[in-house]
Amino acid sequence: RISKNGDFAVVGAPGANSGIGRALHYAIDFNGVLSPLGLIDSNANGMTGLGQCTDQGTHWIAVGAPTSSTNKGAISIAERDTGGTVIVKQYITAPDSFGSSAAKLFGQSVALSEDDAWLYVGAPTANKVYVFALRQDLTETIVTITGTGVDTSFSLGFTSPAAETLLVADETGSASYDAYNDYTLNS
């Protein structure tokens, strides 16, 4: 997939890396020649088929892995700086809104808006398209939660005014895509 500005390309390789998959990232010069910049890999548990599909906005890259976690699916989100360096920022797994054991193939298709504001993820066996919104203003309450590995539930220790304002970010507090919101369109 060619970036919106025509300077970069991302090519998926879902069978590479012993079936885990990966995406290859390239710069495109003025003559249209591709120069390798690096790989988008995953060490996430259960990840398979990464690179089944790819899309790019201006600075963000989405890579689908629909066969991950026994066909539940996942996607990898990476950020690219102006020099072309790519860093994986987030993994999004299939929402469990229709049964945790259901095969969803979440990540069979991905689409990013040109301005990176919206991410659309297809899950064909669930007959759904999931919509995510980019949030870069993570200056709100930051709480570190460490699970015990035994308890199956815990208290957050604070109240979120609305579910869509609760975000999960990495330790640097960098931007991420909002948690799943189910949008229904009335015809």
Side-chain angles (χ1 to χ4, degrees), residues 1-95 103-126 128-136 168-172 174-180:
R1 184 71 148 169
I2 305 295
S3 64
K4 308 300 184 203
N5 65 8
D7 291 341
F8 302 99
V10 175
V11 178
N17 197 18
S18 301
I20 294 171
R22 61 174 41 129
L24 298 93
H25 185 239
Y26 297 93
I28 304 172
D29 72 13
F30 294 110
N31 297 318
V33 176
L34 298 176
S35 301
L37 289 175
L39 302 173
I40 299 171
D41 276 327
S42 172
N43 59 1
N45 212 6
M47 186 72 77
T48 59
L50 182 67
Q52 178 69 35
C53 60
T54 65
D55 198 17
Q56 310 183 59
T58 303
H59 299 288
W60 293 86
I61 300 168
V63 182
T67 57
S68 293
S69 300
T70 318
N71 293 329
K72 289 181 188 174
I75 61 170
S76 178
I77 303 294
E79 185 177 23
R80 178 183 49 240
D81 66 19
T82 55
T85 302
V86 173
I87 298 172
V88 174
K89 293 287 191 169
Q90 185 177 15
Y91 295 107
I92 301 174
T93 58
K104 301 166 179 80
L105 296 177
F106 175 82
Q108 180 74 28
S109 58
V110 294
L112 271 166
S113 62
E114 186 172 337
D115 64 358
D116 296 315
W118 297 100
L119 168 65
Y120 305 91
V121 182
T125 58
K128 289 192 176 217
V129 172
Y130 294 90
V131 180
F132 297 83
L134 178 64
R135 291 283 308 267
Q136 294 181 311
V168 178
D170 66 17
E171 64 275 2
T172 66
S174 66
S176 66
Y177 281 86
D178 265 342
Y180 160 70

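Small disclaimer: the values here were computed from a predicted structure and weren't measured.
Counting heavy atoms from C-beta outward, Y26 and L37 have side chains that stay 4.5 Å or more apart. For the pair H25 and I61, the minimum side-chain heavy-atom distance is below 4.5 Å. Residues L50 and S76 have side chains in contact (heavy-atom distance under 4.5 Å, counting atoms from C-beta outward). When side chains are defined from C-beta on, I75 counts as touching L119, because their heavy atoms get closer than 4.5 Å. The shortest distance between side-chain heavy atoms of I87 and E79 does not fall below 4.5 Å. Here the side chains of I40 and V88 are in contact, with some heavy-atom distance below 4.5 Å.
Without hydrogens or angle criteria, S68 side chain to T48 main chain gives a donor-acceptor distance under 3.5 Å. Between the side chain of Q56 and the backbone N or O of R1 there is at least one donor-acceptor pair closer than 3.5 Å. In this structure, D55 contributes its side chain and A62 its backbone to no donor-acceptor pair below 3.5 Å.
Ring pair F106/F132 is perpendicular by interplanar angle, where above 60° counts as perpendicular and below 30° as parallel.
Atom CH2 of W60 is separated from atom CG of L112 by 10.0 Å, given to the nearest 0.5 angstrom. Atoms NZ and CD1, from K89 and I77 in turn, are 12.5 Å apart once rounded to the nearest 0.5 Å. From T125, atom OG1 reaches atom NZ of K72 across 12.0 Å, with rounding to the nearest 0.5 Å. Interatomic distance, E114 CD to N5 CG, rounded to the nearest 0.5 Å: 9.0 Å. Rounded to the nearest 0.5 angstrom, S42 OG and R22 CZ are separated by 11.0 Å.
I2 and A9 get closest at one heavy-atom pair: CD1-CB, 3.9 Å. Closest approach of A13 and L24 over heavy atoms only: CB-CD1, 3.8 Å. When all heavy atoms are compared, the tightest approach of A23 to T54 is CB-CG2, 4.5 Å. D41 and G21 get closest at one heavy-atom pair: OD1-O, 4.0 Å. Taking each heavy atom of F8 and A27 in turn, the nearest pair found is CD2-CA, 4.1 Å. Closest non-hydrogen pair, R80 versus S3, comes out as NH2-CB, 3.8 Å.
Atom CG of N45 sits in a sparse spot, with 12 or fewer heavy atoms from other residues, nucleotides or ligands closer than 6.0 Å.
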